[in-house]
Amino acid sequence: MKRIFSVLLIVTITCQQAVAQEPARLQNLRRYVSTYPPVAADSARRHLTLVLGSASHYLYPLYQAFAFEQRWRTQMGDRNFEQFLAQFLSMAGDYSAALSYGQKSYRPVSEAKKRQIDRYIDQLKRVQSMEATAYVTGRAMRERVLMINEAFDKPQHRAFVYSLLDKLYEEGYRYLAMETLRHAAGFQPTELNVFTGHYTNEPIGGELVRHALEKGYTLVPYEDTTAAGHTPSQRDSAQASHLYQVIKKDSSARMIVLAGYGHIAEDPVGEDYVPMALAFKKLSNIDPLTIDQTLMTEGSTFAEGAYFHAQLTKRLAIQEPVLLLQKQQPFKLMDETGYDIQVVHPASVYEDGRPTWLKMGDVRKKTLIAPGERYMFMVQAYYEDEYQPAIVDQLVPADQTFAAADNGYYALYLRPGKYTIVYRDIAYKKLAEKIIEVKP
């Protein structure tokens with residue numbers, strides 16, 4: 001009995017220490033939900049969500065996660081819980097917390113493995129780096145289908161796809177297929193709102209959709225509509241079939257496909273899983289250009305990858321998305337296979353609490369919002385020509401955050417234009433709004 005009590009005491013102390021290490025804004029959220037607990041999520045629901053009926057609520061999944069954390073961990077498993085929490089933190093504009101939670105379940109990298117990785121990086125010979133957007137768009141000129149992946153908690157992957165749109169449109173690409181788009185009979189996404197998709201509710205995902213529509217791209221939903229009842233291979237096969245229908249209907253179609261993680265792999269995984277890209281290749285007889293972003297981004301997808309990326313970007317002083325080349329050919333790290341190209345993203349640099357890659361090149365400008373409202377917790381910026389107060393919770397902000405800088409100001413990254421700034425308290429109640437203009 002004494003031993004059980006000691007173990008419980010250690011676990012309790014460890015949990016308290018973990019919470020104490022969280023930034024104050026997350027501790028404030030925990031205190032808030034302990035005082036004003038939200039209605040418990042439906043026990044049949046398998047995941048956290050930010051959409052309630054027809055409205056979005058960007059703090060709601062955080063309330064649920066912190067108020068009923070043990071229940072979610074038991075139901076989803078620690079790793080899934082932390083990945084979903086990371087996704088919703090990034091959607092609410094707190095990338096540093098998202099990055100931390102995304103790696104929370106990683107086991108420590110052994111000293112022996114660290115030495116092995118360090119030696120590997122030290123021995124890289126005649127490796128050159130090239131700015132990734134230029135290389136990818138140049139290579140894509142010879143292709144019909146470009147497939148690129150994303151990690152759902154890393155919006156910089158959507159920012160990179162955004163950087164490809166203009167040049168690829170010039171080269172004749174007219175379709176942007178996104179796994180995240182709502183796929184329903186009779187639904188064709190022609191505008192951005194809460195109904196467009198899931199990760200399109202994340203502000204950079206929203207900017208990607210806006211810009212694609214502005215350029216003249218046709219958005220293509222292609223998710224398997226009955227995925228819940230399918231095996232992974234069946235789901236990917238259905239996705240491939242939906243993409244192939246575009247090619248069959250438009251013989252001149254050139255298409256960008258954005259998918260999660262390994263769906264764009266061109267090699268089978270084990271004996272049972274045929275990824276979407278491989279299924280598409282077999283079905284269409286088109287060899288897609290496949291680009292992985294997930295392995296060589298800070299945090300990677302596993303502990304050794306995260307350590308490898310951190311050491312590599314320091315050693316090579318990588319400051320923008322690049323490809324590594326050997327003998328003028330793309331060079332892939334950690335013996336990665338299944339993809340044509342591997343993009344290496346730099347580590348984030350923060351200004352006023354937000355990562356500077358939110359500039360999306362020079363498309364957006366940092367705009368500081370003063371803490372002008374009592375009880376202010378979160379700020380959101382909506383395009384003035386989209387903003388309608390009555391349906392604000394069906395709209396997707398251009399940017400938002402509750403991660404204030406040390407001086408209390410909130411940094412938003414916005415394209416030149418007019419915006420309605422919405423101030424909210426920790427209960428997500430709208431406190432005030434004002435119009436601002438971001439000059440070119």
Side-chain angles (χ1 to χ4, degrees), residues 80 83 136 139-140 142-152 154 157-158 160-161 164 168 172-185 187-189 197-200 205 208 212 217-295 301-302 330 332 334-343:
N80 281 339
Q83 283 186 322
V136 169
R139 175 79 178 269
R142 308 192 298 270
E143 311 291 345
R144 285 195 65 189
V145 176
L146 179 155
M147 293 187 176
I148 186 166
N149 65 4
E150 65 171 334
F152 297 136
K154 295 186 170 66
H157 293 162
R158 296 168 202 136
F160 181 73
V161 178
L164 305 175
L168 292 183
Y173 284 78
R174 292 293 183 270
Y175 296 92
L176 174 61
M178 300 174 70
E179 180 184 304
T180 187
L181 295 174
R182 182 165 68 93
H183 194 185
F187 175 71
Q188 174 56 49
H198 178 62
Y199 295 109
T200 55
L208 176 59
Y217 282 90
T218 296
L219 298 180
V220 179
Y222 71 92
E223 178 58 283
D224 177 14
T225 55
T226 56
H230 281 169
T231 66
S233 284
Q234 288 172 331
R235 175 191 175 192
D236 281 41
S237 178
Q239 291 181 337
S241 178
H242 295 150
L243 293 171
Y244 183 48
Q245 296 309 309
V246 177
I247 301 294
K248 286 176 69 176
K249 289 178 182 177
D250 182 353
S251 60
S252 64
R254 305 185 83 183
M255 181 165 51
I256 306 166
V257 180
L258 177 60
Y261 301 98
H263 289 293
I264 67 159
E266 297 184 63
D267 292 342
V269 179
E271 297 181 358
D272 300 323
Y273 178 47
V274 176
M276 177 269 292
L278 178 57
F280 175 83
K281 187 175 179 178
K282 291 178 177 179
L283 185 63
S284 67
N285 204 32
I286 295 172
D287 185 4
L289 175 64
T290 51
I291 303 164
D292 174 57
Q293 301 189 84
T294 60
L295 183 64
T301 56
F302 64 111
K332 287 172 281 187
M334 298 192 79
D335 300 319
E336 184 179 54
T337 60
Y339 309 97
D340 296 315
I341 294 172
Q342 182 186 72
V343 173

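Not measured: the values here are computed from a predicted model.
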Rounded to the nearest 0.5 Å, how far apart are [atom1] of [X] and [atom2] of [Y]?
X	Y	atom1	atom2	value
Met255	Leu168	CE	CG	13.0 Å
Gln245	His242	CD	NE2	7.5 Å
Asp340	Met147	CG	CE	11.0 Å
Glu150	Ile264	CD	CD1	10.5 Å
Gln342	Thr294	CD	OG1	9.0 Å
Thr226	His183	OG1	NE2	10.5 Å

Considering residues at least two apart in sequence or located in another chain, which fulfil the ring-ring contact (aromatic ring centres under 6.0 Å, His included) criterion with [X]?
X	result
Tyr261	Phe152
Tyr222	none
Tyr339	none

Scan the side chains in residues 276-284 for donor-acceptor partners under 3.5 Å anywhere in the protein, sequence neighbours excluded, and list what turns up.
from	atom 1	to	atom 2	distance (Å)
Lys281	NZ	Glu266	OE1	3.3
Ser284	OG	Phe280	O	2.7
Ser284	OG	Ile286	N	3.1

Heavy-atom pair with the smallest gap, counting every atom of [X] and [Y]:
X	Y	value
Thr290	Gly338	OG1-O, 4.0 Å
Ala151	Arg158	O-NH2, 4.2 Å
His263	Asp236	ND1-OD2, 2.9 Å
Leu295	Thr301	CD1-OG1, 4.4 Å
Tyr199	Thr180	N-OG1, 2.7 Å
Asp224	Gln234	OD2-O, 4.3 Å

Any heavy-atom pair between the side chains of [Y] and [X] that's under 4.5 Å?
X	Y	answer
Ile247	Val145	yes
Met178	Pro189	no
Arg235	Glu223	yes

Legend entry - Under the salt bridge (charged side-chain N to carboxylate O under 4.0 Å, His left out) test, residues paired with Arg182 that sit two or more places apart: none
Legend entry - side chain to side chain contact (heavy atoms under 4.5 Å, CB included) involving Thr337 - partner list, sequence neighbours excluded: Asp267
